[in-house]
There are 2 protein chains.
Amino acid sequence: MSREGIQEEESWTISDLAQQLDVSTRTIRYYEELGLIFPSRTEKGSRHYKRKDRARLRLILRGKRFGFSLDQIREMIELFDEDRTGRAQLLRTIEYGNQKLAEIDEKIMELRQLREDILVYKQNFEQKLLEENEEEKR
Amino acid sequence: MSREGIQEEESWTISDLAQQLDVSTRTIRYYEELGLIFPSRTEKGSRHYKRKDRARLRLILRGKRFGFSLDQIREMIELFDEDRTGRAQLLRTIEYGNQKLAEIDEKIMELRQLREDILVYKQNFEQKLLEENEEEKR
DNA sequence: CATCAAGTTGACGTTTACGTAAACGGCAGT
DNA sequence: ACTGCCGTTTACGTAAACGTCAACTTGATG
């Protein structure tokens with residue numbers, strides 16, 4: 001067990017966390033409402049968030065930035081939740097993970113394509129710019 | 001000039017296009033409402049879409065899949081619209097393009113990070129699976 | 001000619017993802 | 001004890017992105 005309990009675990013209030021990750025407190029509470037995150041409470045009822053909670057919130061926000069709905073994210077989180085047990089569950093979760101990885105790889109491909117599209121647009125404009133300069137030389 | 005007008009340009013109805021790109025006709029009309037796409041009309045008022053329109057719609061949908069709002073996409077489309085002229089405008093557009101490319105590169109980075117996170121989760125579960133097998137051996 | 005599918009516009013409804021305000025408690029500083 | 005500030009819950013508001021339905025044309029087909 002080594003030094004369990006000796007190292008004080010850092011913990012933040014909701015507004016601390018909100019500031020760190022640049023979201024509103026409302027948003028964080030809303031995510032809790034949806035079952036995406038479960039901070040512990042002080043005896044007075046105030047939420048406090050530890051490193052693990054922050055990591056989870058980061059994951060949520062990252063997911064959001066790529067068009068995953070909060071519902072999809074919850075689905076994901078539920079499956080990845082630590083306390084699942086049994087070989088069947090584990091296998092399912094791993095399979096789900098593989099699936100998500102594949103989806104992400106696909107997104108990366110698509111993003112590269114989008115990049116390519118934009119690059120072509122831009123080059124088109126650069127070409128026009130060149131032509132305009134040519135005109136000027138006459 | 002070569003063979004202008006000889007090659008018949010293919011054109012689709014709104015439901016054709018909807019089916020091709022797997023969106024509803026309502027969605028397509030909505031995008032038009034927002035000024036994202038401007039199909040030509042038959043003399044009777046029916047929309048018809050050509051290859052360029054389809055490419056544009058593809059771009060819109062692609063953008064959406066990565067969390068760009070329709071407003072951002074419109075902004076983008078307006079700036080990339082062909083009929084801008086003047087060196088200053090061209091320069092601005094090119095600069096905008098560079099900016100968007102940078103944003104996309106950042107998104108790709110983030111997506112890689114998300115991939116990494118999920119991979120770690122998955123490996124965690126794989127580890128658990130191994131431990132369970134160990135237990136069984138006793 | 002009747003009818004039926006597919007097009008149009010317009011209006012209203014719905015879901016998601018929060019914002020915002022009200023009403024309250026706890027605590028620190030003066 | 002009063003003032004702020006931060007926290008809480010509850011509730012209503014709202015913008016974005018469509019879905020859905022009604023009412024109407026138009027074109028094709030039995």
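Predicted, not measured: the structure shown is a model, and the values here were computed from it. Note on naming: letters A, B, ... go to the chains in the order of the sequence lines (proteins, then strands), and numbering restarts at 1 for each one.
Which of D:dG7, C:dA17, D:dT26 sits closest to the side chain of A:R29 comes down to D:dG7.
Judged by closest nucleotide on DNA chain D, A:R26 is the one of B:S24 and A:R26 placed further toward the 5' end.
The two atoms that bring B:K122 and A:I94 nearest to each other are CD-O, 3.7 Å, heavy atoms only.
Per the geometry, CD belonging to B:E33 stands 11 Å off P belonging to C:dA11, to the nearest Å. When the C1' atom of C:dT16 is taken as reference, atom OH of A:Y31 falls 11 Å away, rounded to whole Å. The NZ atom of A:K44 sits 16 Å away from the P atom of C:dC24 (whole-angstrom rounding). Whole-Å rounding puts the A:Y49 OH to D:dT8 P distance at 7 Å. For A:E32 and D:dT10, the CD to C1' distance is 15 Å, given to the nearest whole Å. Distance CD1 (B:I14) to C1' (C:dA6): 11 Å, rounded to an integer number of Å. As rounded to whole Å, 16 Å separates atom P of D:dT10 from atom OH of A:Y30. Summarising the geometry, the separation between CD1 on B:I37 and C1' on D:dC18 is reported as 16 Å, rounded to the nearest angstrom.
A:K64 places no side-chain N or O within 3.5 Å of a backbone atom of A:I73 that could act as its donor or acceptor partner. Here the side chain of A:K128 pairs no donor or acceptor atom with the backbone of B:L90 at under 3.5 angstrom.
The side-chain heavy atoms of A:I77 and A:I60, taken from C-beta on, include a pair separated by under 4.5 Å. Within the 4.5 Å cutoff, side-chain heavy atoms of B:L114 are placed close to those of A:F68. For the pair B:S40/B:H48, a side-chain contact is recorded, criterion being any heavy-atom separation below 4.5 Å from C-beta on.
Contact annotation: B:T27 reaches the phosphate of D:dG19 (side-chain N/O to OP1 or OP2, under 4.0 Å). Considering only side-chain N and O atoms, A:S15 lies under 4.0 angstrom from the phosphate OP1 or OP2 of D:dG7.
For DNA chain C, the residues of residues 58-75 of chain A within the heavy-atom distance limit of 4.0 Å (strictly under) are A:K64, A:S69, A:L70, sorted by number.
As judged by a 4.0 angstrom heavy-atom cut-off over every strand, B:T13 is placed among residues touching the sugar-phosphate backbone only.
Hydrophobic cluster membership is shared by B:L21 and B:Y31, with clusters built from Ile, Leu, Val, Met, Phe, Trp and Tyr side chains linked at under 4.5 angstrom.
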